[in-house]
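Throughout, protein chains are lettered first and strands after them, A, B, ... in sequence-line order, and every chain is numbered starting at 1.
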Amino acid sequence: MCDQTFLAATFGPCDNCSKASPLMNIYLKNEPINYCSFCVEMMACQGLQKGETLTSLKKESETLKKKLEEERGKLTDVELHQVAEKVEAVAALSIKTRRVLKGHGNKVLCMDWCKDKRRLVSSSQDGKVIVWDGFTLNKEHGVTLPCTWVMACAYAPSGCAVACGGLDNKCSVVPLSLDRTENLAAKKKSVAMHTNYVSGCSFTNSDMQLLTSSGDGTCALWDVESGQLLQSFHGHTADVLSLDLAPSETGNTFVSGGCDMKANVWDMRSGQNIQSFESHESDINCVKYYPSGDAFASASDDATCRFYDLRADREVAVYQKDSIIFGASSVDFSLSGRLLFAGYNDYTINVWDVLKGNRVSVLFGHENRISRLRVSPDGTALCSASWDNTLRIWA
Amino acid sequence: MQKVVVAMQDPDIGIKMRNQRLLITVIPHAMTGQDIITWLTQKYNISEEEALHLGGMLLRYGYVYPLKEPRCLILQPDESPYRFQTPYFWTSTRWPASELDYAIYLAKKNIRKQGELMEYERERYSLLHKRINHTWDFVVMQAREQLRASKQRRKADRIVLACQEQAYWLINRPPPGVQSVLDMGLERPSSHSVQAALSSDFYKREIEASRQALGRNRVKSSVCLEGFLKYSEQYQNHDPIMQGCLPSNPWISDDTAYWTMNSEVVPVPTRLRVESWSFSFVKLLSDPMGRREFMTYLEKEFSAENLCFWQACEDIRHGESSRIVEKVEDVYENFLAPGAARWVNIDSKTMAKTLEGMKCPHRFVLDDAQMHIYFLMKKDSYPRYLKSDLYKSLLSKAVLPQESKKSVFPFMRRQRHSSPSPAQAVAPATDDDDGRAGSNAAV
């Protein structure tokens with residue numbers, strides 16, 4: 001004769017995961033729920049309310065997203081290429097390599113122009129950061145960082161310092177001095193501290209603040225002088241690979257793109273995610289604002305580049321071609337915003353007509369994938385950094 | 001996966017290109033280099049150069065291999081025969097090519113024809129021999145077995161199989177000095193952790209974000225897109241890559257005249273530059289010369305304090321954190337305090353908010369006031385400036401550079417001179433560098 005059991009043990013499909021298993025009869029707000037023990041535990045850990053199962057949340061999220069797409073579609077009265085029909089086609093371009101900068105001993109991962117339109121800084125896999133005068137091909141400064149894979153480098157607006165970071169999870173600022181005898185690495189100052197690699201960095205409008213993006217899924221704004229964290233930006237669910245500051249009048253926003261296939265626009269003051277775009281099918285490698293600040297372009301491993309309008313809040317163009325099967329690693333606009341230069345992993349640079357959506361030209365020359373592309377500040381030239389250890393300046 | 005897409009092409013091509021060509025023995029299902037290029041050009045509507053490049057990629061990644069010169073993974077646009085790699089060996093499968101397999105392969109080669117191993121292969125062979133010595137008997141036995149099995153095949157099959165294997169190993173174990181195409185760079189750790197995405201928190205956040213996005217004000221597409229057209233059109237003449245620049249693009253002609261003419265301090269600015277100031281207020285303010293001209297104009301109008309205030313606010317926003325308090329106080333003294341020397345006209349609501357915020361000054365405390373003054377200038381002073389005599393006379397005096405004549409000896413490169421580095425000189429540069437004559441002055 002066994003003891004009377006007060007808990008009726010039932011076996012059947014779980015209300016949550018529908019798997020047949022022994023069910024626990026529990027009560028939530030006086031309502032009985034039949035969950036298997038696993039789901040009960042999950043629910044307890046995740047603080048779900050009754051009826052708020054993972055599937056229901058997922059469904060709600062998807063419905064909302066669909067509704068969002070519908071809303072966006074309501075104001076889509078015309079497409080970009082239709083509007084662009086009345087514009088003249090871009091005349092044939094004759095862009096050639098004008099300079100080849102040799103000197104890195106390993107893959108060049110990143111580069112940035114100086115405001116003086118001819119100098120640039122580049123960083124490579126072996127930890128070297130070199131400042132060049134692109135015009136004369138002189139190497140002006142060289143710093144060796146103790147880490148490998150320096151994936152991010154940026155020139156300060158004043159031209160007096162460079163920032164660089166990578167696998168060391170830090171971003172450091174190195175002041176440039178003309179004194180040849182000085183060891184620049186000694187003056188290096190660690191500014192940013194992340195918990196994973198630093199994928200991109202950029203100075204805001206002055207030498208005093210640095211914005212970084214990292215493999216730990218966050219972006220952060222730092223005060224260079226004190227190394228203090230001024231603001232952090234959470235929202236990406238995977239590595240953030242790139243960021244770009246908005247050239248707008250108020251200059252308070254920036255866009256970031258990451259491995260979660262999303263491009264997010266952030267407010268630098270509050271740390272809030274203002275807008276989000278999710279239409280890529282793979283990691284977003286690079287994001288760049290249109291010169292007017294009303295839109296931005298992104299390059300992704302799904303072999304497409306896309307153009308997003310911030311005011312209309314949607315993707316307005318996709319730049320793709322059947323013959324382009326390799327991922328795009330970097331994008332930049334020409335000065336007028338009419339041309340979009342995109343570097344791909346098949347060693348080429350494709351030049352797209354932003355308005356009409358067709359490809360204008362292909363630039364061959366590099367012998368390994370392009371890691372970074374930047375148009376010079378006055379728009380006279382384009383510099384590309386590549387895994388073939390060189391940088392090329394095209395004009 | 002890009003590679004899968006590369007692979008996808010093959011079945012397509014395969015359907016179209018099954019012609020037979022003769023090698024010494026007849027190899028079925030082969031095609032020439034020229035065939036590949038023509039097909040690619042037609043199917044993707046691309047140029048020959050690009051087709052050559054794309055075809056070359058197919059080879060480099062191991063989806064097509066050459067029959068005549070098996071070591072050379074370059075696409076020749078001629079009659080040389082190629083074949084598709086068997087899917088077993090496709091790079092997209094990402095099977096790790098184990099040392100054991102490599103050892104067996106090298107052993108087979110060694111046994112088959114003595115001395116056919118290349119130098120680097122011989123080195124690796126002996127290295128492997130030392131490393132996996134304990135399984136060496138197995139390796140040699142496997143190699144012998146495979147060779148015996150292959151002897152029973154037709155010669156054509158044997159050649160094909162040998163070429164396939166060779167191509168596979170050329171890619172997975174590239175000879176020294178050749179870059180490995182399988183080098184993908186850093187692994188992105190987070191891309192593998194999908195489980196992080198599926199928590200309830202994640203969905204809750206997504207829902208919140210979607211709700212917020214639904215509440216946004218959106219602008220009609222036609223309006224936005226017209227904006228892009230207008231912008232591109234306005235700046236088209238200013239875009240050196242599209243329209244060229246006068247006198248010449250320094251990168252092409254090695255002549256820095258363009259930069260000298262557009263530098264910050266120049267007696268007569270170029271016409272394009274002055275024109276661009278009329279495109280937008282932000283363009284005017286971002287050009288230091290433009291800002292100075294505007295300041296001069298404002299001084300005439302007795303409203304220069306607006307621009308000064310705006311500049312001071314910018315300085316606070318972007319300056320050192322340590323000096324914020326001090327700077328904010330300065331601004332208050334000079335611009336906001338009643339009876340201040342350069343009092344700016346802000347509406348009472350904003351003034352009250354700003355004064356309240358100044359009790360605990362932070363970087364953005366003056367933002368509202370700055371915005372107010374900015375839009376005041378933009379709506380009022382800026383349009384009047386563009387109509388003013390000051391601006392118009394500057395525009396008429398502005399220089400339109402002549403296109404520089406092509407040099408008589410086009411192959412002679414002009415000497416490229418350095419420019420002063422913006423980096424501050426630590427000590428006065430005396431005998432630092434030769435070749436940088438007199439250009440080491442601190443800016």
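With a 4.5 angstrom heavy-atom cutoff, B:E49 touches chain A via backbone and side-chain atoms both. Interface remark: A:S292 contributes backbone and side-chain atoms alike to the contact with chain B (heavy atom separation under 4.5 Å). With a 4.5 angstrom heavy-atom cutoff, A:V87 touches chain B only via side-chain atoms. Residue contact with chain B, scored on non-hydrogen atoms closer than 4.5 Å, involves the backbone and the side chain of A:D77 alike. Both the backbone and the side chain of A:D378 have a heavy atom closer than 4.5 Å to some heavy atom of chain B. Contact annotation for B:W251: both backbone and side-chain heavy atoms come within less than 4.5 Å of a heavy atom of chain A. The parts of A:S334 that come within reach of chain B are both its backbone and its side chain, each placing non-hydrogen atoms under 4.5 angstrom from that chain. Using a 4.5 Å cut-off between heavy atoms, A:F333 does not touch chain B at all. Using a 4.5 Å cut-off between heavy atoms, A:L80 touches chain B through backbone and side chain atoms alike. Only the side chain of A:D133 comes within contact range of chain B, judged by heavy atoms closer than 4.5 Å. Looking at A:I274, both its backbone and its side chain come within 4.5 Å of chain B, counting heavy atoms on both sides. At a 4.5 Å heavy-atom cutoff, B:S286 makes no contact with chain A through either its backbone or its side chain. If you measure heavy-atom distances from A:L68 to chain B, the contacts under 4.5 Å come from both the backbone and the side chain. Using a 4.5 Å cut-off between heavy atoms, B:D315 makes no contact with chain A at all. For A:K321, the part sitting under 4.5 Å from any heavy atom of chain B is the side chain, from C-beta outward, and nothing else. Interface residue B:C245: only side-chain heavy atoms are found under 4.5 Å from chain A. Using a 4.5 Å cut-off between heavy atoms, A:R359 contacts chain B through its side chain alone, with no backbone atom that close. Interface remark: B:A209 contributes no atoms to any contact with chain A (heavy atom separation under 4.5 Å).
Here A:G134 is the residue among A:G134, A:S158, A:G258, A:P175 with the most heavy-atom pairs under 4.5 Å with chain B. Chosen from B:Q236, B:H238, B:R216, the residue pairing most often with chain A at heavy-atom distances under 4.5 Å is B:R216. With respect to chain A, the highest number of heavy-atom pairs below 4.5 Å among B:S210, B:C224, B:S322, B:A213 belongs to B:C224. Interface check for chain B: of the options A:A161, A:G337, A:S276, A:A381, the most heavy-atom pairs under 4.5 Å are formed by A:A381. Highest contact tally toward chain B, considering only A:K86, A:K107, A:E367, A:R99, is held by A:R99 [criterion: heavy-atom pairs under 4.5 Å]. The candidate with the highest count of non-hydrogen atom pairs below 4.5 Å against chain A, out of B:E208, B:R211, B:E233, is B:R211. For the options B:R363, B:K283, B:E264, B:Q370, heavy-atom pairs under 4.5 Å to chain A are most numerous at B:R363. With chain B as partner, the option from A:R269, A:E225, A:Q209 having the largest number of non-hydrogen pairs under 4.5 angstrom is A:R269. For the options A:S94, A:S371, A:A395, heavy-atom pairs under 4.5 Å to chain B are most numerous at A:A395. Listed options A:K65, A:R118, A:R338, A:E71 were ranked by heavy-atom pairs under 4.5 angstrom with chain B; first place goes to A:R118. Counting heavy-atom pairs under 4.5 Å between each of B:S232, B:A51, B:S263 and chain A puts B:S232 at the top.
Aromatic rings from B:F281 and B:Y374 are positioned such that their centres are separated by under 6.0 Å.
Using modelled atom types, one finds a donor on one side chain and an acceptor on the other under 3.5 Å when comparing A:D313 with A:Q275. Side-chain polar atoms of A:R369 and A:S329 form no donor-acceptor pair below 3.5 angstrom. For the 3.5 Å distance criterion, the side chains of A:S336 and B:D239 qualify, holding a donor opposite an acceptor. Counting only N and O atoms by type, the side chains of A:Q228 and B:S321 include no donor and acceptor under 3.5 Å apart.
Partners of A:T76 by side chain to side chain contact (heavy atoms under 4.5 Å, CB included), not counting sequence neighbours, listed by chain and number: A:E79, A:R314, B:S221. Residues forming a side chain to side chain contact (heavy atoms under 4.5 Å, CB included) with A:I95 (at least two apart in sequence, or on another chain): A:L93, A:F341, A:L363, A:W394, B:I241.
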In sequence, state the C-alpha distance, the side-chain angles, and the governing distance for B:I324 and B:K327, and then conclude on side-chain contact (heavy atoms from CB on, under 4.5 Å). CA-CA 5 Å; B:I324 288 181; B:K327 285 185 187 171; 5.9 Å; no

A:Y197/A:D239 under side-chain hydrogen bond (donor to acceptor under 3.5 Å, both in side chains): CA gap, chis, key distance, verdict | CA-CA 9 Å; A:Y197 65 89; A:D239 307 21; 2.6 Å; yes

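Residue A:Q82 places its CD atom among more than 12 non-hydrogen atoms of other residues, nucleotides or ligands, all under 6.0 Å distant.
Contact of the A:L176 side chain with the A:V131 side chain is registered, since non-hydrogen atoms from C-beta on lie closer than 4.5 Å. A 4.5 Å side-chain heavy-atom check between A:F135 and B:P250 finds at least one atom pair inside the cut-off. In this structure the side chain of A:L75 never reaches within 4.5 angstrom of the side chain of B:V219, judged on heavy atoms. At a threshold of 4.5 Å between non-hydrogen side-chain atoms, the residues A:V83 and B:F228 do not count as touching. The closest side-chain heavy-atom distance from A:D207 to A:P157 is below 4.5 Å. Within the 4.5 Å cutoff, side-chain heavy atoms of B:R317 are placed close to those of A:N252.
Ring geometry for A:Y290 versus B:Y231: interplanar angle of 30 to 60°, hence tilted.
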